Novice: 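Handing you this structure, nothing more for now.
Being a predicted model, the structure only gives us computed values, none of them experimental. Letters A, B, ... are given to chains in the order of the sequence lines, protein chains preceding strands, and every chain is numbered from 1. In what follows, every heavy atom counts, from backbone to side chain, and hydrogens, waters and symmetry copies are set aside.
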Amino acid sequence: MSQRATASETVTLPDPAERLLAIRNLDAGYGDLQVLSDVHMDVADGEYVVIVGPNGAGKSTVMKSVFGLTTYMGGEVIFDETDISQRNPDEIIYEGISYVPQTGNVFGSLSVRENLEMGAYILDEVPEDRIEDVYDRFPILRERSEQSAGTLSGGQQQMLAMGRALMLDPDLLLLDEPSAGLAPDLVEDMFDRIDRINDDGTAILMVEQNAKEALRRCDRGYVLVQGQNRYEDDGTVLLNDEQVRQDFLGG
Amino acid sequence: STEQTGGDGGDGGDGGMTGTGTESGGDSGPESPDVLMVVGYPQSGVQLFKDFYADYGDDAADILVTDGLQDGELPSNVGNDMSNVRGTAPSAAGPGVDTFTEQFTSEFDYDEAGVFTSQAYDATAVQILANLLAGENDGQAVRDHMRVVANPGGDTYGPSELPAAVEAAAAGENIQYEGASSAVDFDENGDMASAQYQVFGFQDGGGVDTLNTVDFSAGDDIPQPEPNGSGSDSGRTIRFGVLMPETGDLGPLGRPIRDGAILPALQLEGEVDFEFDYQVGDTQTQAQAGIDAANSLVSAGYPSITGAASSETSIQVARNVLIDNSVVGCSPASTSPTITDLEDNDYMFRTPPSDALQGQVLAQVGVDELGAETASTLYVNNSYGQALQEAFAGAFEAEGGTIVNQVGFEQQQSSYTSEINSAMNQ
Amino acid sequence: MSEPEAAPRQETAVTSDAIESPLLEVDGLRKEFGGVVAVDGATFSVAEGSLTGLIGPNGAGKSTTFNCITGIHEPTGGRVTFDGQDITGLAPYTLANRGLVRTFQIARELSEMTVLENVMLAPGGQVGESVLRSVTPGLRSEVIKAEAAVRDRAWETLEFFEIDHLAHENAGNLSGGQRKLLEMARVLMTDPEMILLDEPLAGVNPTLEEKLLERIHELRREQGLTFLLVEHDMDVIMNNCEHIIVMHQGSVLAEGDAETITSDERVLEAYLGGDV
Amino acid sequence: MSTVDTIRGRLDALPDVGLVVGFIGAIWAVMLVLAIAVGGANWANLAAGFVGSVTVLIGGYAILALALNLQWGYTGLFNIGIAGFMAVGAYTTAILTAPTDPAAGAVPGLGLPLWVGLIGGMVMAAIVGGLAALPALRLKADYLAIVTVAFSEIIRLIVNWDGLAEVSLFGVPVGTGGATGISFKSANDVASTLINGVGQPLVTAAEGVGVSGPNLANLTYGILLLLVVAASYWVLARITDSPFGRVLKAIREDETVTQSLGKDTRLFKIKTFMIGCALMGLAGVLFRGQAGYISPQQFRPTITFYVFAALIIGGSGSNTGSIVGAATFSGLLFYLPARLGENISLGGTRAPGNIVDAVAGFASLDPAPLLAYIISNVSTLRFVLIGVVLIYIIQNQPDGLLGHRNEPATSVSLDRPQSGSGGETDE
Amino acid sequence: MGIAEFARDGRVVVGERPGAAVVAAVGGFLLLDLVAKLAGTTVFFVGTKLLGGSLTVSSLLSMVVDGLLVGLAVGLAGIGLSMTYSILDFANFAHGDTVTVGAFLGWVAAYITAGLGTGAPIAELFMLNSGRQLSTVSTLAPVLLGLVVAGVGSIGIVLLIDRLTYRPMRDTDNISLLIASIGVALALRYLIAFVFGTETSGVASGGLRVTVFSMISVTDNEITLLVVSVLLMLGVHLLLQRTKLGKAMRAMADNEDLARVTGIPTERVIRLTWILGGGLAGIGGYLLVLESGTISFNFGWILLLLIFAAVIVGGIGSIYGAMAGGILIGLVDSLALIWLPSGLTRASAFLVLIVVLLLRPSGIFGGVSTA
Ligand SMILES: Nc1ncnc2c1ncn2[C@@H]1O[C@H](COP(=O)(O)OP(=O)(O)OP(=O)(O)O)[C@@H](O)[C@H]1O
Ligand SMILES: Nc1ncnc2c1ncn2[C@@H]1O[C@H](COP(=O)(O)OP(=O)(O)OP(=O)(O)O)[C@@H](O)[C@H]1O
Ligand SMILES: CC(C)C[C@H](N)C(=O)O
Ligand SMILES: [Mg+2]
Ligand SMILES: [Mg+2]
């Protein structure tokens with residue numbers, strides 16, 4: 001493995017056999033603009049991995065690249081032993097990955113319920129029981145089920161987006177800053193839910209600015225800077241690393 | 001009572017539909033006119049008659065049309081034999097008409113010589129002769145010799161003797177060209193001194209039937225100036241432009257007229273010791289496009305132009321291009337009375353007669369042949385349509401008839417139902 | 001309208017409980033969307049020179065309150081007073097010209113214009129915004145002179161926010177955090193008296209976050225600006241705001257300093273969720 | 001300091017002026033070559049005719065493209081009602097200046113001098129533009145587009161309506177002439193007067209080489225139009241290189257933000273609409289009414305789309321690009337193909353009347369009929385060309401021929417002031 | 001200050017209710033006038049005519065029928081415009097020319113089949129000027145075949161155009177797409193002109209006339225238009241209702257990237273959009289020609305503004321809105337004659353468009369969800 005630098009000597013990489021997602025030497029960007037260069041990342045089956053880093057580092061771009069939403073410039077994205085680096089998003093979803101983007105993550109003009117139905121688009125029938133599950137997780141959504149999603153408050157939209165992604169019971173869930181804009185109690189709540197989702201066996205790759213909390217809870221973490229891997233290690237190790245704290249976690 | 005409402009379908013203040021004093025109303029509704037007089041051009045005509053027959057069928061009213069709709073293809077394009085239609089148009093009645101028809105149909109792929117084609121031939125022929133007599137490709141010089149070669153005085157030549165006429169004019173002789181459409185004598189306004197009209201109906205298998213003809217003979221003196229040009233040495237190039245609606249509303253009539261206008265050059269090429277250089281400009285049946293095309297011909301240095309067809313275009317081209325640039329225009333088809341009075345420095349001529357006469361002929365056909373007491377007019381909203389329907393309305397009322405509605409319409413609309421309804425008083 | 005070089009206002013002592021000189025007063029503000037009542041009689045005031053926090057659960061009506069104050073939405077009822085004058089329902093530009101400006105929850109840069117142009121746009125009442133002045137030969141020299149002054153100030157402001165190295169860059173090419181800085185810089189150029197900040201720190205990297213807060217305090221100290229801040233990060237709110245307003249279901253649930261708030265049962269229940 | 005800025009500002013404009021002059025010069029050269037190629041002995045006159053006509057076209061489209069650039073390129077106002085505003089200007093001028101005792105069959109006007117008419121036309125176009133803008137400005141770009149194009153059609157239908165062809169206004173007979181149009185004092189007369197007066201020696205000289213008076217007048221008119229273009233450019237450059245222009249750009253980017261920064265964007269938009277429409281009105285008379293005659297036919301929406309094509313080809317957002325685009329569009333795409341088609345002939349092959357006959361010849365291995373058909377239809381095909389070029393440009397060079405030109409909207413140099421001589425001392 | 005007040009007042013005045021009140025008042029007056037006209041009475045006020053006149057019920061009915069028929073075809077054509085407008089997010093100015101292309105393809109096919117064996121020269125058949133007039137009763141098979149070809153042909157053309165023009169531009173802003181569509185419109189229209197000339201040809205004319213309620217008289221071709229367009233509209237309704245397509249289209253219109261990550265096959269939805277929209281446009285054009293009887297190279301372009309009016313009045317993105325908007329605009333265009341001179345009736349349809357955009361930018365039926 002070619003990590004440029006590691007925070008500590010003890011890197012616990014998942015066993016290659018267990019790797020659900022493997023990103024190798026990935027170069028990607030938008031149009032002519034290259035954002036990521038030579039990025040590596042792994043997520044094992046059922047693992048909970050967090051990416052942190054300064055604004056503009058390319059964290060969201062990693063997520064989008066996994067889902068085929070960026071301009072591919074080289075490298076590989078391997079999921080469940082298939083190379084998905086140049087596939088279309090609407091194919092990737094069949095592989096068992098769901099994605100909650102950082103912005104624009106609900107269909108504003110569709111109702112809450114229709115948003116959830118769209119989450120199950122690739123199924124033949126609308127899974128009523130799953131919708132009920134989501135409503136149970138986020139009761140406010142049941143209350144607003146006929147309101148159009150664009151008129152929900154910021155936090156409510158975040159919940160809806162999460163609910164939508166859960167409609168398919170994915171193997172891997174990509175979450176881009178799920179706690180942004182949430183009230184503190186909900187932040188806690190959200191992290192708890194994510195833990196629970198992870199406990200149910202869904203692997204998670206998450207970007208968070210609420211880095212301390214995220215690193216505390218995750219299995220492993222990556223620090224991304226200027227489109228390149230900077231550090232990677234167990235979450236708690238990163239959390240306690242002086243250099244990382246100083247540069248990225250704000251003292 | 002007559003109400004000039006021009007396209008006014010509803011009340012619009014004082015509209016035709018309102019009627020006057022009909023307080024009773026009810027469903028009986030106002031009466032349709034006995035005859036509907038339609039002035040228009042073929043392309044709009046197709047739509048207009050389709051709409052008419054679709055809503056009113058064959059026997060709601062007799063219809064009168066004019067030269068602008070004398071298109072043999074019209075019934076087949078409309079999908080109706082149009083047997084309830086009578087029309088009038090200036091006819092080809094010159095001494096050389098047979099020669100012309102023969103040459104025209106053999107040179108081009110036409111079954112018959114269409115309306116104004118002979119006038120077009122004459123217009124060009126006179127220009128060529130005037131140009132030869134003047135000895136230079138100069139508008140003013142051509143203008144000054146138009147009457148010399150056309151009006152009485154000197155030897156007489158017709159279409160069949162055109163090469164001989166060319167030699168004579170080149171030699172500086174005062175000649176008299178007698179054309180295919182008429183004797184081609186220009187009065188001081190540049191109008192024809194005499195006129196013949198035909199009354200026509202549409203034939204079953206396409207084409208038109210001439211039913212009878214009406215003559216108006218020369219009243220005024222025909223001016224005859226003396227030649228003062230030099231004549232032409234052999235080898236000279238005679239230049240003229242042709243300005244015709246090859247496309248647009250008049251396209252179906254304009255293309256044959258254009259061919260009539262270039263026929264003299266085709267006929268003379270090789271026969272005489274002169275070169276002919278002509279260029280055709282397309283007016284698209286629009287005044288502005290006509291002006292642009294005319295400017296282009298003027299830029300290219302043509303001293304005289306056969307054209308335009310539509311009166312509207314001819315008037316605007318004369319006002320805005322010809323007079324300023326001292327270029328002669330000779331229209332083979334523009335019939336609006338306005339052209340007579342154009343302040344044109346004598347640069348505008350024409351070979352058909354003015355519609356001041358056609359209105360009378362139409363009214364006669366309406367009253368005498370069709371026995372109409374009431375009539376409505378439906379006219380294309382331009383110098384041609386407006387003037388001709390007015391001439392008709394005046395004559396029709398003078399004959400004791402009543403005009404019900406006068407409705408204008410725009411060219412090339414996608415539907416004329418509303419205009420027809422207004423005119424039919426529905 | 002404020003003078004281009006307004007003298008720094010004198011420091012106003014702000015105590016956490018009594019608001020002596022309110023700059024902004026919101027009285028019974030109400031906003032309905034169809035059946036949904038987003039803001040339901042919110043009443044509060046913001047002291048001149050203070051940094052006041054506005055917090056509350058998601059959907060409490062904070063953004064809507066902002067939108068009503070700044071003229072983006074027309075309130076269904078209630079009154080907003082600024083600097084002693086009724087400003088209810090006035091258009092955004094009028095408010096801005098009176099010194100009340102806002103930033104957006106999601107930074108809205110003018111992406112096809114350079115960073116410098118973005119900032120130079122902001123000052124109010126520029127002479128060159130008159131067509132006549134910018135065209136007429138004699139009068140244009142005035143415009144040019146004013147422009148030079150605006151330019152110089154713009155550079156200073158960019159330096160203050162440490163984004164002067166990006167001055168000629170198109171604003172669209174900035175990273176998320178830089179955009180937030182630009183947004184603050186631009187708003188400052190309008191010579192405001194009060195700035196409403198809608199979650200300016202959401203998604204901002206913690207290191208940058210500290211820098212931004214530092215700037216805010218600096219502006220308060222040096223120019224006496226007033227801030228109203230919506231933020232979900234309780235650390236930020238508790239450590240920086242001397243006065244905190246808690247909204248819940250469209251109305252004000254509690255207000256006071258950090259201590260008062262954290263010890264308020266209702267707040268704990270409705271928002272902070274047990275521990276902090 | 002400010003004088004340095006002024007001078008620098010002036011120098012900055014020079015390369016652009018050179019570019020425009022060079023470009024138009026190149027198009028003239030093309031016309032000259034064509035005239036020599038097809039004109040024979042008559043080449044000089046033909047060249048004068050070609051160059052004159054192309055110059056008038058370039059001038060007309062350049063004014064329109066500049067006006068549109070202000071509205072769309074700068075402010076993002078998607079006005080596709082250009083034809084309507086041109087009509088308002090042209091008709092106002094026409095009604096103001098048409099003779100009170102017109103030729104038979106024409107409508108009378110107020111008989112005022114031309115300059116009154118021109119100013120009146122611009123003012124009226126500005127007023128109507130402002131009125132149209134008032135409600136329409138609340139709409140997003142594509143809705144505004146549809147409203148403006150509908151508006152322009154309404155204007156055209158109204159001037160076309162014969163109910164207004166001749167009416168009595170406070171006892172004075174005036175009117176639009178309806179479908180027949182209206183004749184008036186043409187600006188062309190100015191050119192004629194000019195060359196017949198002071199330009200007489202020039203006329204003599206030109207006639208010496210075979211250039212006719214009318215062609216010379218046309219050429220003169222074209223050059224006068226270019227002077228109007230230069231003046232418009234100068235005014236617009238000053239408007240856009242200023243804080244006013246900066247606000248316009250900001251509106252284009254994000255109106256809410258601009259409002260929040262204290263700019264009354266509605267007022268700016270209305271002003272922009274009025275200035276742009278005034279210019280469009282002026283172009284309506286000077287360009288469409290060159291001959292002293294206008295009719296509703298000339299103000300169909302298609303002309304609007306040609307102006308758009310011109311601006312996009314040149315590069316919207318750039319005043320220089322507007323002119324270059326207008327020249328490319330009108331000279332190379334619009335005018336040149338038509339002249340080529342007229343002057344190329346295929347020996348004796350007469351063009352078939354329809355495409356089936358043309359292709360039939362091709363089937364028997366004789367390409368001549370098809371070629372002849374194509375040549376006789378170039379004036380149709382050039383619009384296909386224009387469409388394709390438009391698509392190509394928007395796909396591959398969305399910023400136009402001149403490429404993206406980020407012209408900062410300011411009247412001074414934007415470099416960092418030298419430390420020490422800061423702005424504060426400047427007051 | 002002054003400006004501020006002005007802006008605020010403006011917001012109130014241009015707000016929904018006062019505008020609606022004005023519209024209602026004008027509408028009420030026109031209705032009153034209509035009643036007076038039907039009753040044949042004229043009301044004078046201080047010497048000038050206030051309202052009234054005369055109008056027969058049968059002519060009113062015939063206007064209604066005309067408006068309805070044109071409106072149906074416009075609505076049919078409008079569905080496609082509405083769909084591409086909301087899903088691809090741009091105003092497609094080439095839509096009118098798609099209507100023309102479809103109509104030409106369909107009519108050429110109909111003509112050639114009808115002309116087979118009659119000895120008419122193929123050139124005349126192809127150029128649509130053999131002078132023959134088709135009608136549903138007399139030439140049923142060719143007319144139906146033409147209908148199919150119009151639909152299929154325009155689908156082909158539209159897909160080709162999408163491939164060449166819009167697909168490489170998927171990520172660009174909607175105004176660029178709009179401009180590209182202007183280019184497409186020009187190219188298409190003049191290619192048609194190049195092939196078929198600029199002449200208006202008469203191609204259809206009713207073969208049978210039926211009189212209903214002894215007042216309304218319609219031709220077989222008009223009945224065909226009515227039946228086919230109603231059937232197609234029903235079909236579209238069912239398609240969007242019974243499949244996920246409708247919702248997927250709305251989701252895409254909303255947020256394309258999100259739609260893709262949700263698993264919606266966006267390219268396929270786009271293709272289906274073009275297929276539906278293009279096909280209906282072509283058929284709409286074909287039927288319009290069947291009704292009016294004539295065809296020319298720019299009739300779709302001239303119609304475009306009317307189609308836009310229909311779509312916007314109905315609310316962009318709403319299929320039912322497009323249908324209803326089409327009928328409304330068709331009726332306005334036709335009935336305006338009761339109050340306006342015929343030169344201004346078209347202007348009134350545009351005026352309705354503008355008024356709707358200003359008072360209710362989301363359209364009369366906007367907000368009512370589709371399918
Ligand atoms: N659609 C896009 N087109 C062009 N550049 C983009 C696009 N999206 C992001 N970028 C650029 O790519 C770089 C990385 O952006 P990205 O969104 O991945 O950052 P991030 O690490 O997620 O930051 P943040 O924490 O602010 O969300 C930035 O410089 C950004 O400006
Ligand atoms: N345009 C609208 N139409 C209908 N309801 C709306 C609209 N805008 C906001 N709401 C509703 O009003 C309530 C308040 O929303 P608002 O955005 O003000 O909340 P907030 O306090 O800013 O929340 P957050 O912290 O999540 O951003 C929410 O329930 C929201 O659904
Ligand atoms: C060609 C002709 C029908 C022209 C018509 N006589 C006119 O004056 O307009
Ligand atoms: Mg991100
Ligand atoms: Mg909010």
Side-chain angles (χ1 to χ4, degrees), chain A residues 30-31 60 63-71 87-111 113-126 146 148-151 157 160-161 163-168 170 173-176, chain E residues 82-89 167-174 176 240-273 314-321 360-363 365-371:
Chain A
Y30 305 93
S60 301
M63 296 277 191
K64 291 189 215 164
S65 301
V66 171
F67 235 90
L69 289 169
T70 56
T71 311
R87 297 260 217 99
N88 285 329
D90 45 309
E91 296 167 355
I92 291 172
I93 188 137
Y94 285 91
E95 302 288 330
I97 313 181
S98 286
Y99 171 42
V100 181
Q102 181 175 8
T103 52
N105 48 22
V106 296
F107 296 112
S109 67
L110 269 61
S111 72
R113 195 191 146 83
E114 285 171 327
N115 263 276
L116 295 178
E117 287 176 11
M118 281 290 112
Y121 182 85
I122 63 171
L123 302 183
D124 289 335
E125 301 230 335
V126 178
E146 296 309 317
S148 49
T151 61
Q157 292 189 14
L160 178 58
R164 201 204 67 248
L166 288 176
M167 288 297 292
L168 286 181
L173 185 58
L174 305 181
L175 298 172
D176 198 345
Chain E
S82 182
M83 283 182 12
T84 47
Y85 204 151
S86 61
I87 289 161
L88 303 173
D89 192 30
R167 193 153 143 203
M169 302 177 68
R170 283 284 188 263
D171 298 330
T172 24
D173 60 309
N174 58 346
S176 297
L240 295 183
Q241 190 98 103
R242 293 285 156 84
T243 65
K244 284 184 287 190
L245 187 62
K247 250 174 240 167
M249 284 175 168
R250 280 170 55 219
M252 265 195 69
D254 208 320
N255 184 338
E256 196 184 327
D257 267 347
L258 187 61
R260 293 169 73 188
V261 309
T262 315
I264 297 174
T266 51
E267 273 304 319
R268 221 174 74 211
V269 175
I270 290 175
R271 207 155 47 234
L272 282 171
T273 308
I316 285 168
S318 160
I319 309 290
Y320 308 124
R360 242 191 102 98
S362 55
F365 305 92
V368 179
S369 67
T370 291

Novice: Rounded to the nearest 0.5 Å, how far apart are CG of A:Leu110 and CZ of E:Arg250?
Specialist: 4.5 Å
Novice: Do the side chain of E:Asn255 and the main chain of A:Phe107 share a donor and acceptor less than 3.5 angstrom apart?
Specialist: no
Novice: Just give me the residue among A:Phe67, A:Tyr99, A:Tyr94 that pairs up with chain E most often, heavy atom to heavy atom, under 4.5 Å.
Specialist: A:Phe67
Novice: Highest number of heavy-atom pairs under 4.5 Å with chain E: which of A:Ser111, A:Gly150, A:Ser148, A:Ser109?
Specialist: A:Ser109
Novice: Can you tell me how far the NZ atom of E:Lys244 sits from the CG atom of A:Leu123, to the nearest 0.5 Å?
Specialist: 7.0 Å
Novice: At a heavy-atom distance under 4.5 Å, which candidate from E:Leu258, E:Thr262, E:Asp257 has the highest pair count against chain A?
Specialist: E:Leu258
Novice: Mind listing the closest non-hydrogen atom pair of A:Ile93 and E:Val261 along with its distance?
Specialist: CD1-O, 3.0 Å
Novice: Which one wins on heavy-atom pair count under 4.5 Å against chain E: A:Arg164, A:Glu91, A:Glu117?
Specialist: A:Arg164
Novice: Please give me the minimum heavy-atom distance between A:Tyr121 and E:Pro265, naming the atom from each residue.
Specialist: CE2-CD, 3.5 Å
Novice: In this structure, are over 12 heavy atoms from other groups packed under 6.0 Å from E:Arg170 atom CZ?
Specialist: yes
Novice: Contact part of E:Ala253 toward chain A, heavy-atom cut-off under 4.5 Å: side chain, backbone, both or neither?
Specialist: neither
Novice: So which part of A:Val106 gets closer than 4.5 Å to some heavy atom of chain E, the side chain, the backbone, both or neither?
Specialist: backbone
Novice: Please give me the minimum heavy-atom distance between A:Met118 and E:Ala251, naming the atom from each residue.
Specialist: SD-CB, 3.7 Å
